[in-house]
Amino acid sequence: MSATTITSNRPRDVQVTEIGKNTIILRSRTWERLKFEVEYSRQRGTTANSYLIQADKKALIDPPGESFTEIYLQQLAQHLDFTTLDYIVLGHVNPNRRATLEVLLAQAPQVTLICSRPTANTLKTAFPNWESRIQAVRFNDTLDLGQGHELSFITVPTPRWPDGLCTYDPATKILYTDKFFGAHICEDTLFDEDWKALDAERRYYFDCLHAPQAKQVEVALDKLTALGAKFYAPAHGPIVRYSLSRFTFDYRQWSQEQKSQELSVALLYASAYGNTAILANGIAQGLIENGVNVESINCELADPAEITRIVEACDGFIIGSPTLGGHAPTQIQTALGIVLSTAAKTKLAGVFGSYGWSGEAVDVIESKLKDANYRLGFETIRVRFSPTPEILQQCQQAGAAFAQTLKKTKKLRTPRQAVTEAKIDRTEQAVGRIIGSLCVVTTRDGENHKGILTSWVSQATFNPPGIMIAIAQEQNADLMRHPGDKFVLNILKEGRNIRRYFSRHSALGDNPFANLSTRTALNGSLILNEALAYLECTVQNQIECGDRLLIYAVVDKGEVLENDGVTAIEHRKSGSYF
């Protein structure tokens with residue numbers, strides 16, 4: 001199904017389908033944006049996938065959060081007698097999922113909860129009366145449901161999900177991957193037949209959820225790929241069947257790309273109720289989208305040696321903390337002590353946090369860093385209770401501003417340069433040092449507007465004013481290669497996060513303009529109102545050169561939209577890829 005057929009006014013529902021021997025999927029679907037967090041900002045809905053295996057014993061995997069509790073349990077009751085359910089397997093747990101568990105366990109008091117040890121500890125603390133019903137499993141533990149369904153468990157802890165657990169069923173060769181290999185997109189299609197159309201959603205999901213924890217993702221991949229699965233059954237989006245090898249390769253490549261960025265920021269945080277973690281994710285996204293590697297550290301789980309190593313190696317650090325009883329958690333106090341004793345005073349710093357009443361922890365961290373002569377890369381972010389969409393946008397902008405300040409003021413360290421030289425051909429490395437203005441080229445195909453991200457633009461002539469742009473065939477080339485074709489060059493502003501809505505390739509059916517303020521130029525293409533400037537252009541000539549078309553166009557009209565802005569630029573590590 002293409003994006004154009006998604007119907008935003010469709011009610012929430014639960015799609016039930018058999019996907020293997022004794023196995024069904026229950027997809028709780030919402031066709032609109034479910035939450036305001038960064039990962040949902042594409043606003044293409046999502047699915048909360050749950051799975052039921054009914055062999056000699058019955059196991060339910062990953063019931064959804066409270067947004068779907070009522071409709072999910074109604075549909076589940078049509079396929080399962082709750083009194084016969086033996087196990088509930090949890091890939092991770094959060095307050096939303098706990099709400100559904102409470103209702104489910106009230107109707108199935110005989111159930112045993114299967115989960116990782118961190119989840120078990122969380123549940124026992126929140127629900128001490130459940131303790132006898134909780135069974136913690138370790139890596140490679142198994143659970144025999146009969147008829148060949150001998151489930152094996154793979155612990156995959158990450159900073160964001162320290163309790164991560166995947167489940168493999170050899171009877172169906174289905175690997176239940178929870179937060180790995182998913183996408184926030186809602187459609188009727190169950191499998192990934194048209195997997196190329198999912199590329200943008202998959203990459204966006206990875207960047208939001210996994211890029212800040214790329215190191216841990218690679219460790220998890222090593223564990224998961226050894227199983228020989230034929231299907232990936234994630235918590236969100238379609239089941240991965242046709243692109244399993246490619247998707248696995250993409251995860252490795254994306255992780256490597258993230259880790260190989262020239263600048264790195266340590267993002268240290270703890271989160272009592274999840275609010276500080278949401279802020280951390282927003283800041284991380286702003287950093288990532290501006291070409292900075294993020295090493296996310298959940299201080300509640302990291303040991304001092306790991307924190308010391310990362311803080312010493314980073315180019316900048318950002319500390320986030322809740323306030324508990326008027327203080328920062330002990331783990332944050334420890335991390336702050338490590339920072340003050342080991343981090344060079346030339347490193348850029350940042351502070352953020354959430355609180356219920358007083359918020360002293362954020363003020364203490366900020367004052368100690370300032371007293372130690374650290375320079376802050378953005379104004380300290382203080383949030384009372386749950387963050388709003390506006391606060392989340394502020395976090396992304398703060399991350400972007402932090403990244404741009406690093407790029408302007410930080411000289412790359414010699415060890416990091418040595419790694420670059422070892423991994424990349426020196427000629428490609430030199431070519432990669434050519435930088436260009438980051439722009440969005442908008443074109444029009446009948447009633448459909450399209451846009452691509454590019455930095456391969458330069459001024460070509462003075463009289464008449466003209467530009468040259470290099471584009472690939474898949475970048476709407478047919479709409480720009482003929483004399484007389486029209487387009488708009490939107491020149492982006494530094495620190496304003498527009499690029500996340502666009503890819504370098506044109507994807508049929510995508511509408512990246514849905515979340516942006518636009519107006520129509522005289523030539524029919526769209527102007528991005530949040531751009532720094534724009535040029536309305538008419539194609540004059542084109543020539544094929546290597547794997548690109550060189551387009552020469554004259555500028556018909558242009559305008560600077562913000563006089564005090566700075567042009568966004570793109571830094572590349574290599575001249576052989578973006």
[atom2] on [Y] to [atom1] on [X], rounded to 0.5 Å:
X      : Y      : atom1 : atom2 : result
Glu131 : Leu123 : CD    : CG    : 11.0 Å
Thr17  : Leu190 : OG1   : CG    : 5.0 Å
Ile297 : Ile318 : CD1   : CD1   : 11.5 Å
Phe231 : Phe191 : CZ    : CZ    : 6.0 Å
Glu306 : Glu295 : CD    : CD    : 8.0 Å
Leu406 : Glu262 : CG    : CD    : 12.5 Å

Might you point out which heavy atoms bring [X] and [Y] nearest each other, and give the distance in Å?
X      : Y      : value
Ala183 : Tyr205 : CA-CD1, 3.7 Å
Gly282 : Leu392 : CA-CD1, 4.0 Å
Val292 : Leu263 : CG1-O, 3.6 Å
Gly320 : Ile332 : O-CD1, 3.4 Å
Ser50  : Ile61  : OG-O, 3.0 Å
Ala280 : Leu267 : O-CD2, 3.4 Å

So do the side chains of [X] and [Y] get within less than 4.5 Å of each other, counting heavy atoms only?
X      : Y      : value
Leu143 : Leu145 : yes
Glu187 : Arg29  : no
Ile88  : Pro63  : yes
Asp169 : Lys21  : no
Pro329 : Leu324 : yes
Cys208 : Asn281 : no
Tyr204 : Gln285 : yes
Ile310 : Phe317 : no

How about [atom1] on [X], more than 12 heavy atoms from neighbouring residues, nucleotides or ligands closer than 6.0 Å, or not?
X      : atom1 : value
Phe385 : CZ    : yes
Glu70  : CD    : no
Lys230 : NZ    : no
Lys57  : NZ    : no
Arg98  : CZ    : yes
Gln253 : CD    : yes

Any donor-acceptor pair under 3.5 Å linking the side chain of [X] with the backbone of [Y]?
X      : Y      : result
Asp62  : Gly91  : yes
Lys179 : Gly164 : no
Lys58  : Phe82  : no
Thr342 : Ile338 : yes
Gln110 : Leu85  : yes
Arg499 : Glu289 : yes
Asp315 : Ser264 : yes
Gln333 : Ala328 : yes

As a quick check of understanding, evaluate side chain to side chain contact (heavy atoms under 4.5 Å, CB included) for Leu113 and Leu101, giving each step before the final call.
CA-CA 10 Å; Leu113 296 174; Leu101 284 176; 4.2 Å; yes

Taking only residues two or more places apart in sequence or in another chain, which ones pass salt bridge (charged side-chain N to carboxylate O under 4.0 Å, His left out) with Lys196?
Asp199

Can you list the steps and then say if Leu105 with Val111 is a side chain to side chain contact (heavy atoms under 4.5 Å, CB included)?
CA-CA 7 Å; Leu105 290 180; Val111 162; 4.1 Å; yes

Here's a test for you: under side chain to side chain donor-acceptor pair (under 3.5 Å), which of Asn94, Thr155, Thr119 qualifies with Asp163?
Thr119

Can you check salt bridge (Lys or Arg N to Asp or Glu O under 4.0 Å) on Glu257 and Arg203, steps first, answer last?
CA-CA 12 Å; Glu257 287 176 5; Arg203 180 61 191 262; 3.3 Å; yes

Set out, in order, the CA-CA distance, both residues' side-chain angles and the distance that settles side chain to side chain donor-acceptor pair (under 3.5 Å) for Gln258 and Asn293, then state yes or no.
CA-CA 5 Å; Gln258 176 63 15; Asn293 177 43; 3.2 Å; yes

Who passes ring pair (Phe, Tyr, Trp, His ring centres under 6.0 Å) against Tyr232, sequence neighbours left out?
Phe181

Should Asp222 and Arg252 count as an ion pair when the cut-off is N to O under 4.0 Å?
yes

Please work out which of the three classes, parallel, tilted or perpendicular, describes the rings of Phe206 and Tyr251, given edges at 30° and 60°.
perpendicular

Is it true that Gln75 and Gln15 share a donor-acceptor pair across their side chains at a distance under 3.5 Å?
no

Can you confirm whether the side chains of Tyr72 and Thr100 place a donor and an acceptor under 3.5 Å from each other?
no

Please determine whether side chain to side chain contact (heavy atoms under 4.5 Å, CB included) holds for the pair Arg160 and Gln216, giving the CA-CA distance in whole Å, both sets of side-chain angles, and the decisive distance to 0.1 Å.
CA-CA 10 Å; Arg160 186 165 181 180; Gln216 293 84 359; over 6 Å; no

Let me check something: any side-chain donor-acceptor pairs from residues 237-247 under 3.5 Å, sequence neighbours excluded? List them with distances.
residue : atom : partner : partner atom : Å
Ser243  : OG   : Asp192  : OD2          : 2.5
Ser243  : OG   : Arg202  : NH1          : 3.0
Ser243  : OG   : Arg202  : NH2          : 3.1
Arg246  : NE   : Asp250  : OD1          : 2.9
Arg246  : NE   : Asp250  : OD2          : 3.2

Pair Thr167-Ile114, side chain to side chain contact (heavy atoms under 4.5 Å, CB included): steps then yes or no
CA-CA 10 Å; Thr167 304; Ile114 305 295; over 6 Å; no

